[in-house]
J.: 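Sharing a structure with you now.
It should be emphasised that the depicted structure is a prediction, and the values quoted were computed from it without experimental measurement.
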Amino acid sequence: MNLAARIALLCLGVAFVAVLVAGFVSTRLVLSTSQQVSREILRSQADVVAGQISNNRVEQVLEGQGIAIVRISPSGELSGADRAAVRAAREVGAGEVLNGSAVSRVSGRLNVEARQSGAGGFALVQETETSNTYRKLVRNVLIALGIGLAVACLAGLALGTFLARPLRRVASVAHSMSTGRRDLRVPVSGPEELAEVATSVNLLADALQRSESRQRDFLLSVSHELRTPLTAVTGFAESLADGVVTGTQVAPVGTVILDEARRLDRLVTDLLDLARLGADDFRLDMAAVALEPVVRSAAEVWHARSHARGVHFALEVSASPVVFADARRLRQVIDGLMENALRVTPAGHPVVLSLSSVLEVRDGGPGLAPEDYPVAFDRGVLHARYQESRPVGTGVGLALVHGLVTRMGGTIKAGPAAEGGAAFTVTLPPPSDLTQQLGREHNPAG
């Protein structure tokens with residue numbers, strides 16, 4: 001059942017209930033009022049004819065109006081031509097009028113008005129007109145119900161169509177997006193909620209377009225990075241196969257092939273790790289880790305590599321924090337940040353590995369533009385922007401570092417460094433904080 005039909009049925013239901021409730025209340029009110037009016041009229045007639053009851057002309061007029069007369073003898077006997085009227089007068093105690101008090105009561109569907117007249121008395125008995133009134137009311141309620149349901153049906157269909165039209169446009173655009181279209185947008189119109197849905201779909205389309213654009217750029221950059229070492233390996237391998245390279249030239253050629261093969265291996269390994277980060281089977285051996293031994297071990301390696309390139313390496317340790325992390329992945333984070341810093345730092349400029357309450361890598365390279373720091377960890381963004389102006393890596397190194405830090409429950413941010421380049425700051429949770437967090441996850445009530 002579509003939206004228009006559902007809204008129409010809802011309107012029909014509301015109209016049906018509203019008319020029934022209104023009909024019930026109005027029927028009770030009208031019937032009560034009708035009965036009260038009938039009694040007032042009969043009471044007035046009884047007062048008027050109290051002194052003229054012996055007049056035959058009066059009796060004929062009353063009988064013509066459907067009012068039965070019951071006579072009350074001085075001894076309290078009731079008599080009259082209409083037995084039902086006599087019985088009703090007897091049930092309400094019409095003989096009490098002989099004591100000097102008027103009787104105005106109802107017996108079933110009969111109104112009884114008794115008055116004293118001379119030595120005896122009389123009672124006027126008339127059937128209330130509620131039955132006729134009730135039939136008219138029921139007919140009017142049914143007519144109102146039919147009109148109300150018809151109007152509700154038309155209003156529901158019109159409202160449903162009005163609401164469904166923009167939703168159909170949204171569904172059409174979403175379906176086109178599922179087939180690969182990214183150039184379509186939904187017109188933002190209609191009620192606030194529908195406009196919000198249209199805006200959300202448009203934002204989703206924009207996000208998908210940006211994401212796919214970045215993916216294309218990333219694939220292009222990776223393809224370029226793969227092609228360069230593959231070209232070198234292929235060229236030197238063909239030289240060896242054709243016998244062009246012989247003798248003492250074989251060893252240097254083999255070294256080049258080995259270096260390019262290692263470069264390919266690093267790129268493929270980074271890509272695989274980056275792809276596995278979001279998977280449940282990505283292994284992390286989390287434990288309490290003292291950062292100082294890990295940092296000092298990494299510093300020995302990177303001090304030598306920096307010295308070989310003429311870069312001034314500095315290690316700053318002002319604290320020895322203990323964090324909850326994977327020691328092997330933590331070393332991978334440090335190596336990734338140091339490799340990125342060393343690649344862009346010219347000879348004679350500093351690279352700093354700092355440990356305080358946080359882990360920080362700073363360089364004296366050219367740094368980044370202010371707008372590049374927020375997107376520094378997006379795959380391939382910095383690679384695409386700076387590949388023509390400075391040495392760049394595979395385009396996945398910083399994205400991999402960000403993914404590793406995030407999986408270990410930490411945060412990483414990029415910003416300018418005092419040395420003139422960029423600074424990357426890693427914050428990891430202490431064991432106590434993570435233990436409490438795990439405890440809350442296993443015991444939500446606590």
Side-chain angles (χ1 to χ4, degrees), residues 206-207 209-225 228 263 266-267 270-271 273-274 277 295 298-299 302 305-306 309-316 330-408 410-428:
D206 293 338
Q209 191 172 28
R210 289 193 300 269
S211 176
E212 291 180 356
S213 177
R214 290 179 179 178
Q215 288 180 5
R216 285 192 298 269
D217 294 340
F218 173 68
L219 289 176
L220 289 174
S221 64
V222 170
S223 300
H224 177 74
E225 290 295 326
T228 301
R263 182 180 174 187
R266 287 197 303 271
L267 177 58
D270 286 351
L271 290 173
D273 284 343
L274 190 62
L277 272 175
V295 170
W302 288 102
R305 293 186 60 177
S306 299
R309 296 191 54 175
V311 174
H312 300 302
F313 176 83
L315 174 64
E316 298 177 354
L330 186 56
R331 176 59 187 272
Q332 189 176 355
V333 168
I334 297 174
D335 290 343
L337 293 176
M338 286 300 302
E339 182 175 359
N340 178 76
L342 187 60
R343 182 173 53 250
V344 299
T345 303
H349 290 253
V351 169
V352 180
L353 177 58
S354 173
L355 176 62
S356 55
S357 59
V358 296
L359 176 65
E360 191 173 46
V361 174
R362 306 190 301 271
D363 65 71
L368 302 174
E371 64 271 14
D372 289 337
Y373 288 112
V375 297
F377 303 106
D378 292 348
R379 287 180 298 178
V381 173
L382 298 184
H383 183 280
R385 294 185 181 181
Y386 294 104
Q387 61 181 343
E388 302 297 334
S389 59
R390 67 179 68 172
V392 293
T394 61
V396 298
L398 290 178
L400 177 59
V401 167
H402 178 269
L404 289 172
V405 172
T406 303
R407 280 298 297 266
M408 289 188 292
T411 59
I412 182 171
K413 62 180 182 179
E419 289 75 13
F424 296 90
T425 305
V426 177
T427 304
L428 294 168

J.: With side chains defined as the heavy atoms from C-beta onward, is the minimum distance between Val351 and Trp302 less than 4.5 Å?
T.: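 In short, these two side chains do not touch, never coming nearer than 4.5 Å.
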J.: So Met408 and Val333, do their side chains get closer than 4.5 Å, heavy atoms only?
T.: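 With C-beta onward as the side chain, the pair touches.
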J.: Quick one, Val401 and Phe424 - any side-chain contact, counting heavy atoms below 4.5 Å?
T.: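 Of all side-chain heavy-atom pairs linking Phe424 with Val401, none is under 4.5 Å.
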J.: Looking at every non-hydrogen atom in both residues, tell me the closest pair between Gly365 and Pro346 and how far apart they are.
T.: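 The answer is CA-CD, 4.0 Å.
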J.: Could you list the residues that satisfy side chain to side chain contact (heavy atoms under 4.5 Å, CB included) with Ser356, not counting sequence neighbours?
T.: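 Ser318, Val358.
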J.: Sequence neighbours left out, what passes salt bridge (Lys or Arg N to Asp or Glu O under 4.0 Å) with Arg309? Give chain and number order.
T.: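 Counting only residues at least two positions away or on another chain, Arg309 forms no salt bridge (Lys or Arg N to Asp or Glu O under 4.0 Å).
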J.: Considering residues at least two apart in sequence or located in another chain, which fulfil the side chain to side chain contact (heavy atoms under 4.5 Å, CB included) criterion with Ala299?
T.: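 Side chain to side chain contact (heavy atoms under 4.5 Å, CB included) list for Ala299, sorted by chain: Phe313, Leu315, Leu353.
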J.: Let me confirm one number: the CG-CG distance from Leu398 to Asn340, rounded to the nearest 0.5 Å.
T.: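 Here the rounded value is 4.5 Å.
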J.: Provide the closest heavy-atom pair for Gly421 versus Tyr373 in the form atom of the first, atom of the second, distance.
T.: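 Closest pair (atom of Gly421, atom of Tyr373, distance): O-OH, 3.9 Å.
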J.: Do His349 and Asp363 come within less than 4.5 Å of each other through their side chains, counting heavy atoms only?
T.: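 Result no, sub-4.5 Å side-chain heavy-atom pair not found.
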J.: For a 4.5 angstrom cut-off between non-hydrogen side-chain atoms, does Leu337 reach Ile412?
T.: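 Leu337 reaches Ile412 side chain to side chain.
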J.: For Thr425, check side chain to side chain donor-acceptor pair (under 3.5 Å) against everything at least two apart and list the hits.
T.: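 With neighbours one apart ignored, the set is Glu360.
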J.: For Val361 versus Ala341, what's the shortest heavy-atom pair and its separation?
T.: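 So the two residues come closest at CG1-CB, 4.0 Å.
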J.: So which of Leu342, Ile334, Asp335 actually passes side chain to side chain contact (heavy atoms under 4.5 Å, CB included) with Met338?
T.: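 Of Leu342, Ile334, Asp335, side chain to side chain contact (heavy atoms under 4.5 Å, CB included) with Met338 is met by Ile334 alone.
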J.: Taking the side chain as everything from C-beta on, heavy atoms only, tell me whether Leu428 gets closer than 4.5 Å to Leu330.
T.: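 Heavy-atom side-chain distance check passes, below 4.5 Å.
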J.: Suppose we screen for side chain to side chain contact (heavy atoms under 4.5 Å, CB included). Which residues come up paired with Pro366, at least two apart in sequence or across chains?
T.: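 For Pro366, the residues satisfying side chain to side chain contact (heavy atoms under 4.5 Å, CB included) (neighbours in sequence not counted) are Val344, Arg390.
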J.: I'd like to check Thr427 versus Leu359 (side-chain heavy atoms, cut-off strictly below 4.5 Å). Are they in contact?
T.: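 No, every pair of side-chain atoms sits at 4.5 Å or beyond.
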J.: Taking only residues two or more places apart in sequence, or in another chain, which ones meet Glu316 in a salt bridge (Lys or Arg N to Asp or Glu O under 4.0 Å)?
T.: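 Expected list: Arg362.
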J.: Run the side chain to side chain contact (heavy atoms under 4.5 Å, CB included) test against Ala369 and tell me which residues pass, sequence neighbours left out.
T.: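 For Ala369 the side chain to side chain contact (heavy atoms under 4.5 Å, CB included) partners, ignoring immediate neighbours, are Glu371, Asp372, Tyr386.
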